[in-house]
Amino acid sequence: KRGDLVSFIGGIVGSFEKYAEEKEIELKFNSLKKEIVTNFDEDKIAKIMNNLLSNAFKFTGKGGKIAVNVSLIFDAEENETGDEISGKRMIEISVKDTGIGIEQSNLEKIFNRFFQVEENSAQAGTGIGLALTKELVKLHNGKIFVNSKPGKSSKFTVQLPYEELKAFESDAELSDSEMAVGNMETSLNEEAGTELSNAGQKIMLLVDDNADVRYFIKSHFSSGFRVLEAKDGVEGWNLALSTIPNIIISDIMMPDMDGFEFCRKIRKDERTSHIPIILLTAFGSREHEIEGLSGGADDYITKPFDMVILQTKVENILSVRQSLKQKYSQEMLLQPRNVLLSSPDERFLQKAIDAVERNISDPDLDIDRFAVEIGVSRMQLYRKLNALTEMTVKEFVRNIRLKRAAQMLVQQKMNVSEVAYAVGFRDLSHFRKCFRQEFNMSSSEYIEKHLSDQN
C-alpha cells in the first residue's frame, strides 16, 4: 500500500537504537530525500530491514559503526554492445557495517539457507535470515547484493522498483458517508473500553538471552502479535505475570533461570498455566527434548530452525487452544457447580464460577471485586478468562447468571421476575432479552421444552 518509505525505514532503524547503545555501536540513518512516497508491502520491508540490521549487529563489535542509507537511483539497462537501451528509477536501501567482513569465496554462498562462515561458527545464528531476506526482496520484484572487505566492512544493498505517487493528497478526499462510518467505528471502539482491548490483543513473549535471535523472531511475528522480549527466565516470568501472553517462545540455556525451570513455573501457577510454550535449544538430544516436554512445554524445536516451521507450530498450537476455549465455554459453564476439575486451568475457572455464584444476586458485582475474590489483577482476569473461554469478564458473569437462572426456572418454584432478580438482573426486560440471546428461546419456551423432554 502507499506510504512514505523513508519514515517507515527510519522507524525500523530507530527501534534498534537501544540495542546499539547496549552493544556500544554507532547507528546512523541517512536519506537524500525527506520522503519517498510509493507502494510497498510494510510487512515484507520490515522483515527485510530487521534481518539485515540483525545480521549487521551480529558481526559488528564494540565501537563499530552501522549506517543505513536510502536514496533514489536511475537503473540503466544495456544491450550486448554496452549501449544504454532503457532505464528506470529504483529505491536503493543499503546497510553498511564495520564488522568482520566476508571472504570473496563466500559472497555467493551468503544467501544460502543455513550457511555460516566457518571461522565464526561459534556465533549463534538462525541460519535462514539472509536466505529469507533474498526471497522477500524477490517477492517485491527487487534485487539484493553484497560487497565486502574482509576484516573491514560489509555492505548489503537492496534495490526495489519505484512507483512515483502524489503525496497522500487523496487521503483527504473521503466521502461524507465514509467519514460517518469511520466516526461510528471509532465511537464503538471507544465504548468497548479497556476490557476488550486487553482481552483481545494477541501477545507473544520471547525469552532468550541472545538479542539477535529475539530480533529475528520478533521481526517475523510482529505483524500478527504484540511481541515482548525478555533476556532470561526471571524477566520472562515477571512479563508473563504482568501481561498474560497468548504464547511463549523460550530458549533453554539462559542465566539466572533456564528454560526448563521457567516452563515449570509457568505451568504450576493458575494465572499462567494455560499459556502454550515452545522451547528453543541448540541441543538436539532426546534427553533434553523429553525434559522439556515433561516440564510442560507444548513443543520443542532445535536451532538452527526454519522460521516457516516455527510459524506453523505456533499456528497449530493456537488452533488447538481455540478448540479448548469452545470446550470450556460450552461444557464447563453448562452446569455451574456440577463439574469435576483437576487441571490448573479448570481450577481457575471453578474459582471464577464460585465467585460469581457467591454474588449471584448482587447486581453491583464489579470487575475489581471479582478479581480480588479470585486473587488476580484486573488485567490477569481479563486475559485468562478470554484465553480459556473467549469471553470478556462481563460476558462470563452474565453467562453464569443465565445458566443459574435456567436451572431455577425449570424447578418452577419462582416466577420469571423473581428468578431474574435472584440472579442479579435489575430489569426484567433486559433479563428476557439476554435469556433469548443465550438460549434462542424465551424463558417460558425454555420451561415448556424442559418439561416435554422429561415426559
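Looking at Ile144 and Ile48, their side chains never come closer than 4.5 Å, going by heavy atoms from C-beta outward. Here the side chains of Lys33 and Val70 are not in contact, with every heavy-atom distance at 4.5 Å or above. Counting only heavy atoms from C-beta outward, the side chains of Lys34 and Val6 never approach each other to under 4.5 Å. Counting only heavy atoms from C-beta outward, the side chains of Ile249 and Val314 approach each other to under 4.5 Å. For the pair Asn210 and Asp251, the minimum side-chain heavy-atom distance is 4.5 Å or more. Looking at Leu27 and Tyr19, their side chains never come closer than 4.5 Å, going by heavy atoms from C-beta outward. Considering only heavy atoms from C-beta on, Ile277 comes within 4.5 Å of Arg267 through its side chain. Side-chain contact between Thr243 and Leu205 is absent, with no heavy-atom pair separated by less than 4.5 Å.
Remark: Arg358 does not engage Asp354 in a salt bridge, criterion side-chain N to carboxylate O under 4.0 Å.
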Give the C-alpha distance, both sets of side-chain angles, the deciding distance and a yes or no for side-chain contact (heavy atoms from CB on, under 4.5 Å) between His220 and Leu310. CA-CA 10 Å; His220 185 84; Leu310 178 59; over 6 Å; no

In sequence, state the C-alpha distance, the side-chain angles, and the governing distance for Phe156 and Asn55, and then conclude on side-chain contact (heavy atoms from CB on, under 4.5 Å). CA-CA 10 Å; Phe156 286 83; Asn55 187 73; 3.6 Å; yes

Test log, rule side-chain contact (heavy atoms from CB on, under 4.5 Å), inputs Ile93 and Met49: CA-CA 9 Å; Ile93 308 161; Met49 293 306 303; 3.7 Å; yes

Verify side-chain contact (heavy atoms from CB on, under 4.5 Å) between Met307 and Phe221, making sure each step is shown before the conclusion. CA-CA 10 Å; Met307 189 59 75; Phe221 287 102; 4.0 Å; yes

Stepwise side chain to side chain donor-acceptor pair (under 3.5 Å) check, Asn51 with Thr133: CA-CA 7 Å; Asn51 287 337; Thr133 300; 3.2 Å; yes

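Atom CZ in Arg398 sits 9.5 Å away from atom CE in Met391 (nearest 0.5 Å). The structure places CD1 of Ile278 at 11.5 Å from SG of Cys263, a figure rounded to the nearest 0.5 Å. The distance from the CE atom of Met379 to the CZ atom of Arg271 is 10.0 Å, given to the nearest 0.5 Å. One distance of note links CG of Leu385 with CD of Glu395; it measures 10.5 Å at 0.5 Å rounding. Here the NZ atom belonging to Lys47 is positioned 10.0 Å from the CZ atom belonging to Phe216, to the nearest 0.5 angstrom. The CG atom of Asn69 sits 7.5 Å away from the CG atom of Leu32 when rounded to the nearest 0.5 Å.
Checked by atom type and distance alone, the side chain of Thr157 never pairs as donor or acceptor with a backbone atom of Ser94 at under 3.5 Å. Under the 3.5 Å distance criterion, the side-chain polar atoms of Gln380 are matched with a main-chain donor or acceptor of Leu241. Although no hydrogens or angles enter the test, the distance criterion places no donor-acceptor pair under 3.5 Å between the side chain of Asn386 and the main chain of Tyr382. At least one donor-acceptor pair under 3.5 Å links the side chain of Asp41 to the backbone N or O of Lys44. For the pair Ser319 (side chain) and Glu315 (backbone), a donor-acceptor distance under 3.5 Å is absent. In terms of modelled atom types and a separation under 3.5 Å, the side chain of Lys313 and the main chain of Asp299 share no donor-acceptor contact. Looking at Asp208, its side chain never comes within 3.5 Å of a backbone N or O of Ser250 through a donor-acceptor pair. A donor-acceptor pair under 3.5 Å is formed between the side chain of Ser242 and the backbone N or O of Leu239. Side-chain N or O atoms of Asn246 include one that pairs as donor or acceptor with a backbone N or O of Ile203 at under 3.5 Å.
Counting heavy-atom neighbours within 6.0 Å of Lys96 NZ, excluding the residue itself, gives a total of 12 or less.
Just one residue in the list Leu52, Thr98, Val95 forms a side-chain contact (heavy atoms from CB on, under 4.5 Å) with Ile66, and that residue is Val95. The salt bridge (charged side-chain N to carboxylate O under 4.0 Å, His left out) test with Lys62 singles out one residue from Glu24, Glu21, Glu22, and that residue is Glu24.
Ile266 and Ala240 make their closest contact through CD1-CB, 3.7 Å (heavy atoms, listed as atom of the first residue, atom of the second, distance). Here the closest heavy-atom approach between residue Val207 and residue Gly233 is recorded as CG1-N, 4.1 Å. Taking each heavy atom of Lys23 and Thr60 in turn, the nearest pair found is NZ-O, 4.2 Å. Contact detail for Gly259 and Leu279: the closest heavy-atom pair is O-CD2, 4.1 Å. Shown here for Ser7 and Asp4, the closest heavy-atom pair between the two residues is OG-O, 3.1 Å. Heavy-atom minimum distance, Ser219 versus Ser222: O-OG, 3.6 Å.
Qualifying side chain to side chain donor-acceptor pair (under 3.5 Å) partners for Asp368, counting only residues two or more places apart in sequence or in other chains: Arg378. Remark: Asn316 engages no residue in a side chain to side chain donor-acceptor pair (under 3.5 Å) (not counting sequence neighbours).
Classified by interplanar angle (parallel below 30°, tilted 30° to 60°, perpendicular above 60°), the ring pair Phe16/Tyr215 is parallel. Note on ring orientation: taking the six-membered ring where Trp is involved, the planes of Phe370 and Phe396 are parallel (angle under 30°, cut-offs 30° and 60°).
For Lys384 and Phe348, the positive end sits near the middle of the six-membered ring, less than 6.0 Å away and at most 45° from its axis.
The salt bridge (Lys or Arg N to Asp or Glu O under 4.0 Å) contacts involving residues 229-245 comprise Arg214-Glu229, Lys218-Glu229, Lys231-Glu235, where partners must be two or more places apart or lie in separate chains.
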